[in-house]
There are 2 protein chains.
Amino acid sequence: MTVTIKDVAKMAMVSPSTVSRVISDDPRISEETKLKVNEAMKELGYHPNAIARSLVSKSTNTIGVIMPKSAHLSLANPFFPEVLRGISASANENGFYILLSIEDDGIGKVNTIDKIVKTGMVDGVIMLYSKLEDETLRMLIDKNFPFVMVGKPINGTKVSYVDNDNIGASYEATTHLINKGRKSIAIITGPLNMVVSLDRLEGYKRALMDNRIEFNPDLVISAEFSKENGYGAVENLIKIGKLPDAILAVDDLLAVGAMEAIKDAGLKIPDDIGILSFNNITTAEYLSPSLTSVDINPYELGVEATELLFQKLQNKKLLPQARIVPTKLIIRESC
Amino acid sequence: MTVTIKDVAKMAMVSPSTVSRVISDDPRISEETKLKVNEAMKELGYHPNAIARSLVSKSTNTIGVIMPKSAHLSLANPFFPEVLRGISASANENGFYILLSIEDDGIGKVNTIDKIVKTGMVDGVIMLYSKLEDETLRMLIDKNFPFVMVGKPINGTKVSYVDNDNIGASYEATTHLINKGRKSIAIITGPLNMVVSLDRLEGYKRALMDNRIEFNPDLVISAEFSKENGYGAVENLIKIGKLPDAILAVDDLLAVGAMEAIKDAGLKIPDDIGILSFNNITTAEYLSPSLTSVDINPYELGVEATELLFQKLQNKKLLPQARIVPTKLIIRESC
DNA sequence: ATTTTTTGTGCAAACGGTTGCACTATTTTC
DNA sequence: GAAAATAGTGCAACCGTTTGCACAAAAAAT
């Protein structure tokens, strides 16, 4: 049925080895036989079987990409799809394929990383996943299996990762607010067990410090990313009478909620309160006032992750390293 | 280095065949040896090599998923990610993996479908892709290779596909407008070489006909999906003095633009003009007035596509068939 | 005119599994 | 108690490639 290397060999009247060598462009093959073989291949419509090749070469030219199923990021903004595009572009360029797995968050679920790694389906893994169970992480490290994480790992484990320059971006954003004359800047940050929240808080603190503004813990609100929580955060600031003249929200959704609350309180943006947030969702530009936001580059994140992984594939002994992708402050009307 | 079936065999003091049979749960193996073998497998941390298995079984338990890189749908709304989630969930349930390829739209680019199919990396293919070059399509059909398309194919080719019930949805939407007392309904449709545009136009026509409203070609505007085009379409209607009392936009983006144009013209929504559109992007609910829109179910589309593909894998002779996924009209303030 | 080197190709053993068939030991049947 | 059926396991071929090594023929060196 399927045409194999032997069929080609027969037709070209050479041995299978020779055909194989033609395929891999072995310099020892004469031009003459190359021609014959190539002709036979074309004639028969031959394509080398990837599985058989993998079996002997012990590499599949495939990288596993593990995505969380968790909704808020993947739906509210095209973060994951964009990372994926970056990975895909970079992988394609290097002749690699992508085995995608969307992990079920539920505990006790079958772990696909485990399977694809242990059964040898992939050469390396990229994880868009920070809440990774330690067990899997341990396994990867113990096996010295090449992998890269997108997003700084949670517990300081020494692994390779790529991430946005969250600290730098937050520093820049905060400085921008300060330069606009804002004195009292609140920050609505995400859950404090998320590295992204901590990093953005850190950048905020550093900027305050560098500008000799005292850090005020009352102006730090931590909440899950959602419009409602953004709204609630502002309500709360109003209630305790600590209304700032600017708000830094670590996620656009929080900002959207905050903006509503501010308007509902009869205050003006940016006149009374300036607002600035992160991620630059598409809606940001359509809000009124349009929202100043830090644009991140998920595509580039994907590219960098893949390149880093390829380095590891070539040199298994490469030490864990980080790649930080710059961000860009998009200035609009909200501050 | 890696532990193979032979190592297990040695440790359990049986032949490799026996180990293989234990793995595939062959009933002829005695409980006793099963125990021995399982113990040895655990002891050695053995996992059967997927590649080797594939080589002999001639199946990889992997399906290829081909996504277009083209931006407008994948970015403006989470359509593709959602389809992907559906595919992933369904595939996982059946112990299948996903080989994802994001195709570069550019002509002359290497065609990944071709490669993964011809080199035997996947058992079947799902294409989220309607602008498929005929060449690839032909190849798949000629090889009788199992595949399913998401979205009705463009040229009536007899292939298996899943799609939203676009005609039905449009019929329902138009009827809704009519029931609200609208007499003169314009439709802003997408490019007329896209099946989705045609189908939604078709549903619109049928609803008019069933309600004895004459179809007026002047009220049909075709434009690429974008805010700007939605704006322009309304501007144009105004200019030619054919302002309707309702607009059916086949995409939310068009509706958003249309709404702006209507407001800019000093008209009121829904009082002067009602508006209704398709796809129900997240923003729809936040607009003012909030936008009545047809919610589609991309997740289900993915699930159905995968199930259909599995049917084909089991029965290669299955005739091409379609699966139509119902939609849901979400009524809000805009009409 | 030998010997040595180079060039081009083939042989056969892997890679890590699966499976049809044969075979022995045990059980069932008559 | 011998023949037939059944149960449990192993042998060896195969899946479609790659690759180390051997080898013959041709070219180069002596």
Side-chain angles (χ1 to χ4, degrees), chain A residues 1-41 44-62 95 115-123, chain B residues 1-41 44-62 95 115-123:
Chain A
M1 197 66 236
T2 46
V3 25
T4 78
I5 204 169
K6 287 178 192 166
D7 302 322
V8 177
K10 206 165 292 173
M11 169 169 265
M13 298 191 299
V14 295
S15 75
S17 333
T18 300
V19 177
S20 173
R21 292 194 176 102
V22 170
I23 294 168
S24 54
D25 213 35
D26 191 309
R28 292 177 310 176
I29 302 292
S30 73
E31 287 305 321
E32 192 186 3
T33 37
K34 261 185 204 171
L35 225 68
K36 262 195 319 191
V37 170
N38 280 320
E39 232 164 59
M41 294 202 296
L44 294 172
Y46 169 74
H47 291 266
N49 181 293
I51 305 298
R53 292 187 111 175
S54 291
L55 185 57
V56 19
S57 73
K58 287 174 172 316
S59 73
T60 58
N61 271 33
T62 303
K115 273 207 262 173
I116 63 178
V117 166
K118 288 184 176 161
T119 63
M121 297 185 73
V122 296
D123 297 347
Chain B
M1 197 65 235
T2 44
V3 24
T4 79
I5 204 170
K6 287 180 194 163
D7 301 323
V8 177
K10 205 166 293 172
M11 169 169 267
M13 298 191 300
V14 295
S15 76
S17 333
T18 301
V19 177
S20 173
R21 292 195 176 100
V22 170
I23 293 168
S24 55
D25 213 34
D26 191 309
R28 292 179 309 178
I29 301 293
S30 73
E31 287 305 320
E32 193 186 1
T33 37
K34 261 186 203 170
L35 225 69
K36 260 195 319 191
V37 170
N38 280 321
E39 231 163 61
M41 294 202 297
L44 294 172
Y46 170 74
H47 291 267
N49 180 293
I51 304 298
R53 293 186 108 175
S54 291
L55 185 57
V56 22
S57 73
K58 288 174 171 316
S59 74
T60 58
N61 271 32
T62 303
K115 272 207 264 170
I116 64 177
V117 166
K118 289 184 175 161
T119 63
M121 297 185 73
V122 296
D123 297 346

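Counting to the nearest Å, the C1' atom of C/dC15 and the CG atom of B/Asp7 are 13 Å from each other. For the pair A/Ile51 CD1 and C/dT18 P, the computed distance is 14 Å after rounding to whole Å. Rounded to whole Å, atom C1' of C/dT18 lies 15 Å from atom CG of B/Asp25. The separation between A/Leu55 atom CG and C/dG16 atom P is 7 Å, rounded to whole Å. When the P atom of C/dT6 is taken as reference, atom CD1 of A/Ile29 falls 18 Å away, rounded to whole Å.
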Audit row: B/Asp7, B/Tyr46, side chain to side chain contact (heavy atoms under 4.5 Å, CB included) steps and yes/no:
CA-CA 9 Å; B/Asp7 301 323; B/Tyr46 170 74; over 6 Å; no
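Here B/Thr2 lies in heavy-atom contact (under 4.0 Å) with sugar-phosphate atoms only.
Side-chain N/O atoms of B/Thr33 and B/Ser30 include a donor and acceptor closer than 3.5 Å. Between A/Ser15 and A/Thr18, the side chains place a donor N or O and an acceptor N or O closer than 3.5 Å (distance only, hydrogens not considered).
Put simply, the residue from B/Val37, B/Ile29, B/Val14 that forms a side-chain contact (heavy atoms from CB on, under 4.5 Å) with B/Arg21 is B/Ile29.
Proximity of a side-chain donor or acceptor of A/Ser59 to a complementary backbone N or O of A/Asn61 within less than 3.5 Å is not detected.
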In the 5'-to-3' direction, what one-character label does each nucleotide of nucleotides 17-28 of chain D receive under the scheme B = base within less than 4.0 Å of a protein heavy atom, S = sugar-phosphate only, - = no such atom?
BBBBB-------
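Counted within 6.0 Å of NZ on A/Lys34, heavy atoms from surrounding residues, nucleotides or ligands total more than 12; the atom is thus considered enclosed.
Checking the phosphate oxygens (OP1, OP2) of D/dG16, a side-chain nitrogen or oxygen of B/Lys58 falls inside 4.0 Å. Using a 4.0 Å cut-off, no side-chain N or O of A/Ser54 falls inside it from OP1 or OP2 of C/dC15.
A/Ala9 and A/Pro16 get closest at one heavy-atom pair: CB-N, 3.6 Å. Counting all heavy atoms, side chain and backbone alike, A/Ile51 lies closest to B/Thr60 at CD1-CG2, 3.7 Å. The minimum heavy-atom distance linking B/Val3 with B/Gly45 is given by the pair CG1-O, 4.0 Å.
For DNA chain C, the neighbouring residues in residues 33-41 of chain A, judged by any heavy atom under 4.0 Å, are A/Thr33.
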